[in-house]
Amino acid sequence: MNFSIKDSPTIDSVGVAERVARLQSRSIKKESKVEGLKLVLSMIDLTTLEGKDTKGKVHQLCAKAMHLHDHYPELPHVAAVCVYPSMIREVRNVVNGSGIKVASVATAFPSGQTPTRLKISETKYAVKEGADEVDMVISRGRFLRGDYNFVFDEICAIKEVCKDVHLKVILETGELVTLDNVRIASDLAIAAGADFIKTSTGKVQPAATLPVTLVMLEAIRDHFYQTGEKVGMKPAGGISDAKLALQYLVMLRETLGEDWMNSELFRFGASRLANDVLMQLEKERTGVYQSLDYFSKD
Amino acid sequence: MRKSTKEKSSSSGNGLPKGEKQTKENGKTIERLQIMKTYKMYVGGAFPRSESGRYYSIDNDRLGTVNICLGSRKDFRNAVVAARKAFGSWQARTAYNRGQILYRIAEMLEGRQQQFREELLALGSTPKEAQQEVESVIDRIVYYAGWADKYQQVFSSVNPVAAPYFNFSSPEPTGVVSAVAPDRPGLLGLVSILLPVIVGGNTIIVLASQSQPTPAISFAEVLHTSDLPGGVVNIITGRTAELVGHFSTHMDVNAIIYGGSDKKELTAIEVNASANVKRVINLMHAAWDSKSCQGPYQIMDTQEMKTTWHPVGR
């Protein structure tokens with residue numbers, strides 16, 4: 001695992017904007033739209049990350065994950081439920097055997113402002129509680145100071161604790177300021193052993209955007225060309241409607257190809273997205289525009 | 001729909017509407033170009049064109065050819081989203097505040113009477129008719145402004161029950177309402193439909209008259225400058241036949257008002273509305289210029305009665 005920021009290419013932000021605009025102009029209708037929307041559903045990490053989360057709220061979210069909309073035949077379930085470490089066991093108990101993964105944030109989410117040893121022990125706790133996937137945050141303060149070694153070592157240390165548990169590394173692109181930084185952080189996280197790279201915590205604006213996602217996808221692509229390893233991608237935060245989600249899939253398909261078009265290698269971190277996708281699916285099925293009144297609360 | 005186009009033959013040979021001011025500059029006579037207004041729709045507090053890019057034209061003597069947006073189902077869908085978004089805070093405002101805002105609409109319209117008269121004249125009203133219609137509109141707004149904080153008391157009740165409960169009923173807004181305005185009168189019909197709906201805390205998407213859409217859009221400008229939050233009133237222009245299906249099937253619409261004149265359309269609306277049990281309010285034979293078509297019962301058309309059982313001690 002070697003990492004040097006000299007290996008990260010600089011990013012042409014005008015080029016990124018143009019590429020994004022072109023990808024956004026695709027129009028996906030009818031059967032392909034339905035298939036695309038079902039794929040989106042299967043890639044969702046249904047998320048609740050609030051200080052006010054209770055067992056009841058988490059149970060409700062798990063119920064939604066397992067019964068998205070039972071009126072609709074043969075709907076896939078979401079990929080995972082994502083919660084704080086204190087709620088892992090609750091989720092585990094409810095979704096056990098359903099095929100839905102349990103994801104937990106760790107490492108002083110969302111700020112990451114604690115010493116590394118505490119982050120390690122929090123991650124150990126999450127793994128012990130039974131998380132299938134851990135979403136960690138990088139130390140943005142250190143990163144912006146240019147202390148790349150510290151950030152790199154920290155990710156390595158967390159990865160060591162995670163072992164087989166999937167590690168998603170949150171770059172919090174909303175705080176990284178430039179696309180060049182996003183590219184460096186992506187390369188750094190991939191080199192340090194991330195299974196997934198993830199845009200945002202959802203607590204900072206802007207969260208996931210198409211340009212940032214494109215830069216990260218290209219980092220994944222370049223890594224694949226060099227090593228043959230496939231790293232996953234998870235845009236999170238601010239993706240609340242089906243149309244936007246489909247645009248992410250278009251970008252994914254055009255950047256990384258079909259191998260990435262599944263929940264093993266691509267996820268959406270979202271809470272409201274599922275209902276909008278369901279409403280669009282019902283619109284295609286029944287021909288009339290839908291109301292949130294007829295879908296479960298999220 | 002199309003009216004004669006005398007203006008085209010009588011304009012001064014260069015395509016300009018007649019009656020333009022002429023100014024002299026360096027000895028040359030320069031005709032001033034008239035600035036034509038672009039009539040757009042009113043959705044979510046903004047004035048968008050139709051997403052479809054389509055339009056239809058109305059020719060008349062006074063305004064020349066006017067292009068009107070031919071709204072599509074997607075425009076309507078966007079309007080419902082805007083109306084749903086605006087509903088929460090609009091219904092939570094105090095009744096008194098809603099009354100103030102309605103009164104403000106009347107104030108704004110009072111100062112712009114002339115413009116509305118001109119638009120009605122251009123669409124074939126006589127000067128007297130135009131004056132009467134604009135005045136009736138203003139009076140009707142003031143009328144409903146007055147009812148804003150009164151209909152609740154009139155229709156609420158304390159109900160006798162044979163149990164230790166304090167039992168009372170009071171009206172609450174139905175939600176998002178869609179409406180088809182009558183073809184004529186283009187302004188008074190539209191306003192008479194939307195006033196009782198919004199004064200009761202609902203939000204509305206209304207399809208303006210197909211033959212007289214211009215005063216409806218100008219009325220949106222009045223609403224826009226009257227402290228009415230964006231999305232409470234949304235005005236779509238276009239063809240009734242094309243849009244009425246979507247107006248009546250949309251699951252996020254809680255009631256539909258029909259001011260048109262086609263029985264078959266009304267029947268189709270009633271059938272469609274059954275999918276989510278929308279209220280259907282039939283105003284097919286309303287006498288728009290008569291006082292009989294305004295009143296607190298019109299407000300109650302888009303209200304739901306909520307009954308509360310409150311336990312009391314002995």
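Chain naming here is simple, since letters A, B, ... match the order of the sequence lines and numbering starts at 1 in each. Note that the structure is a prediction, hence the values are computed from the model and not measured.
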Which donor-acceptor pairs lie under 3.5 Å between chain B and chain A?
residue   : atom : partner   : partner atom : Å
Arg73(B)  : NH1  : Tyr289(A) : OH           : 2.7
Met251(B) : N    : Tyr289(A) : O            : 2.8
Asp252(B) : OD1  : Ser291(A) : OG           : 2.6

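No more than 12 heavy atoms of other residues, nucleotides or ligands sit less than 6.0 Å from atom CZ of Arg239(B).
Taking the six-membered ring where the residue is Trp, the centroids of Tyr151(B) and Tyr144(B) are separated by 6.0 Å or more.
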Report the C-alpha separation of Cys62(A) and Val91(A) in whole Å, then their side-chain angles, then the decisive distance to 0.1 Å, and conclude whether the side chain to side chain contact (heavy atoms under 4.5 Å, CB included) test is met. CA-CA 7 Å; Cys62(A) 294; Val91(A) 179; 3.8 Å; yes
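No option in Val191(B), Asp227(B), Leu223(B) other than Leu223(B) meets the side chain to side chain contact (heavy atoms under 4.5 Å, CB included) test with Ile105(B). Of the candidates Ile281(B), Ile299(B), Thr302(B), Pro196(B) forms a side chain to side chain contact (heavy atoms under 4.5 Å, CB included) with just one, namely Ile299(B). If you run side chain to side chain contact (heavy atoms under 4.5 Å, CB included) between Phe247(B) and each of Val253(B), Ile205(B), Val80(B), only Ile205(B) comes through.
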